[in-house]
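Both counts, for ligands and for their atoms, begin at 1 and track the order of listing.
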Amino acid sequence: MFNPSAITVPVPHSLIDAPPIPDTWKHQHLLGLQHLTASEITLILDFAEHLHAATGNGRIKLDLLKGRTLANLFFENSTRTRNSFSLAAKRLGADTVEFSSSGSSVAKGETFIDTAKTIEAMLVDVVVVRHSSPGTPHMLAKHLACSVINAGDGPHEHPTQGLLDILTIRQHRGSLAGLTVAMVGDIAHSRTARSNIWGLLKLGAKVIVCGPATLVSKNWEKLGVEVSYSLDKILPRCDVLNLLRIQFERQAIRPFPSVHEYTLLYAMTQERIRRSKPDILIMAPGPINRGVELTPEVADGPHSVILEQVTNGIAIRMATLWLLLGRRG
Ligand code: CP
């Protein structure tokens, strides 16, 4: 006799592995960390851990976002961010479109908005945009119906970089609360610094920004961070150093007499490691310039978590995509 209850219906893979999105998550876009709450940031970090494990540490492809499409819209160079957004989308089963301004119809005079709308008309669900002008993703979010993720808008914000940095620290220390994290180098031009500062402060870390006075204004104190011009003075207090690249391409004039002088005062060397806490974490958002912000021995040494940051980037971007797209029919 036919017994419907005896039929086992296979549970879709997506239902097994999808972390449920709480009703409190209301965001359509990820434009920065400034306006996220501590619990929203923690949710993204937790989802990143969950999805990293659900994809077998990145070896298994899920179908959570099957039928969705991500477009990478990059008007500046990228190695880490662009490729990890592509991989994150593919690991969740989405399709990807890759756009670079070079070789596109932008060279024929098409405007930025028309270009973005053209890409969106290819039935894209999320646009990941990198541009040298601060506020570009915010403008796109007003013009497009799809989700927008800021992959770096000039020196303003780079939210997924801030999140992956914070996740890396949390994995090593368990919690951000009470840690002292120093961002060292070109603070003035760093979107990574801004996103880290918003996220770290909300999760209870103390933040120091350190570098030459030409690259670190006293005004940073208004955000609730300590300003220092001496790496050697702050070194013994730091649990984490995040070494920022000197962004010569964003500087009208050179902010110090020579790279050699910068290196003497601010580069992380083996000798400075010996004067640090024994478990100090050395981070860098990359690209790294060996011999400028850190020596090769430090970049490749036991305190460095620079490549772990890259791996965590995929997990953070999977979590972001799931939160922005997972609830849409
Ligand atoms: N950290 C970072 O944004 O690297 P890319 O410029 O390579 O994306």
Side-chain angles (χ1 to χ4, degrees), residues 30-34 44-45 48 70-91 96-102 126-137 148-169 171 181-200 209 211 215 240-251 268 281-290 292-294 299 304-321:
L30 180 65
L31 304 178
L33 297 193
Q34 182 176 2
I44 301 174
L45 304 183
L70 169 146
N72 270 325
L73 211 64
F74 276 60
F75 289 79
E76 277 190 343
N77 295 341
S78 170
T79 298
R80 281 148 283 267
T81 312
R82 179 181 199 132
N83 289 313
S84 67
F85 265 113
S86 282
L87 273 174
K90 286 174 185 155
R91 284 185 189 163
T96 57
V97 175
E98 297 295 334
F99 170 91
S100 296
S101 51
S102 63
V126 57
V127 164
V128 179
V129 61
R130 171 171 287 189
H131 201 283
S132 57
S133 294
T136 301
V148 176
I149 299 176
N150 182 359
D153 58 331
H156 178 219
E157 275 226 45
H158 188 354
T160 53
Q161 181 67 48
L163 289 164
L164 73 90
D165 291 346
I166 292 168
L167 177 63
T168 307
I169 300 171
Q171 284 173 346
V181 181
M183 318 282 303
V184 181
D186 188 351
I187 308 298
H189 301 96
S190 177
R191 50 200 178 204
T192 294
R194 282 169 182 77
S195 288
N196 264 274
I197 287 169
W198 294 123
L200 288 166
V209 290
L215 293 173
V240 180
L241 288 183
N242 202 339
L243 305 170
L244 306 178
R245 184 176 67 89
I246 303 298
Q247 301 192 38
F248 291 111
E249 74 276 16
R250 296 194 205 277
Q251 296 163 3
M268 203 53 198
L281 288 185
I282 301 296
M283 305 177 69
I288 59 169
N289 286 144
R290 288 167 185 262
V292 181
E293 62 267 18
L294 76 178
S304 170
V305 293
I306 294 170
L307 294 179
E308 288 176 40
Q309 288 172 259
V310 177
T311 305
N312 282 334
I314 301 174
I316 285 292
R317 283 151 190 149
M318 284 195 292
T320 304
L321 294 175

Polar contact flag, side-chain donor to acceptor under 3.5 angstrom, Ser86-Asn72
yes
Those residues at least two apart in sequence (or on a different chain) that pass side chain to side chain donor-acceptor pair (under 3.5 Å) with Glu157 are Ser195
Nearest 0.5 Å, please: how far is CG in Leu33 from CD1 in Ile197?
11.5 Å
Could you check ligand 1 for N or O atoms lying under 3.5 Å from protein N or O atoms and list the pairs with distances?
| from | atom 1 | to | atom 2 | distance (Å) |
| --- | --- | --- | --- | --- |
| ligand 1 | 1 (N) | Gln161 | OE1 | 3.0 |
| ligand 1 | 1 (N) | Pro285 | O | 2.9 |
| ligand 1 | 1 (N) | Gly286 | O | 3.2 |
| ligand 1 | 3 (O) | Thr81 | OG1 | 3.0 |
| ligand 1 | 3 (O) | Arg130 | NH2 | 2.9 |
| ligand 1 | 3 (O) | His158 | NE2 | 2.9 |
| ligand 1 | 4 (O) | Arg80 | NE | 3.0 |
| ligand 1 | 6 (O) | Arg130 | NH1 | 2.8 |
| ligand 1 | 7 (O) | Thr79 | N | 2.8 |
| ligand 1 | 7 (O) | Arg80 | N | 2.9 |
| ligand 1 | 7 (O) | Arg80 | NE | 3.0 |
| ligand 1 | 7 (O) | Arg80 | NH2 | 3.1 |
| ligand 1 | 8 (O) | Ser78 | OG | 2.6 |
| ligand 1 | 8 (O) | Thr81 | N | 2.9 |
| ligand 1 | 8 (O) | Thr81 | OG1 | 2.6 |
| ligand 1 | 8 (O) | Arg130 | NH1 | 3.3 |
| ligand 1 | 8 (O) | Arg130 | NH2 | 3.3 |

Euclidean distance, Met183 CE relative to Thr192 OG1, rounded to 0.5 Å:
6.5 Å
Phe74: what forms a ring-ring contact (aromatic ring centres under 6.0 Å, His included) with it, not counting sequence neighbours?
none
Who passes side chain to side chain donor-acceptor pair (under 3.5 Å) against Arg82, sequence neighbours left out?
Glu98, Ser100
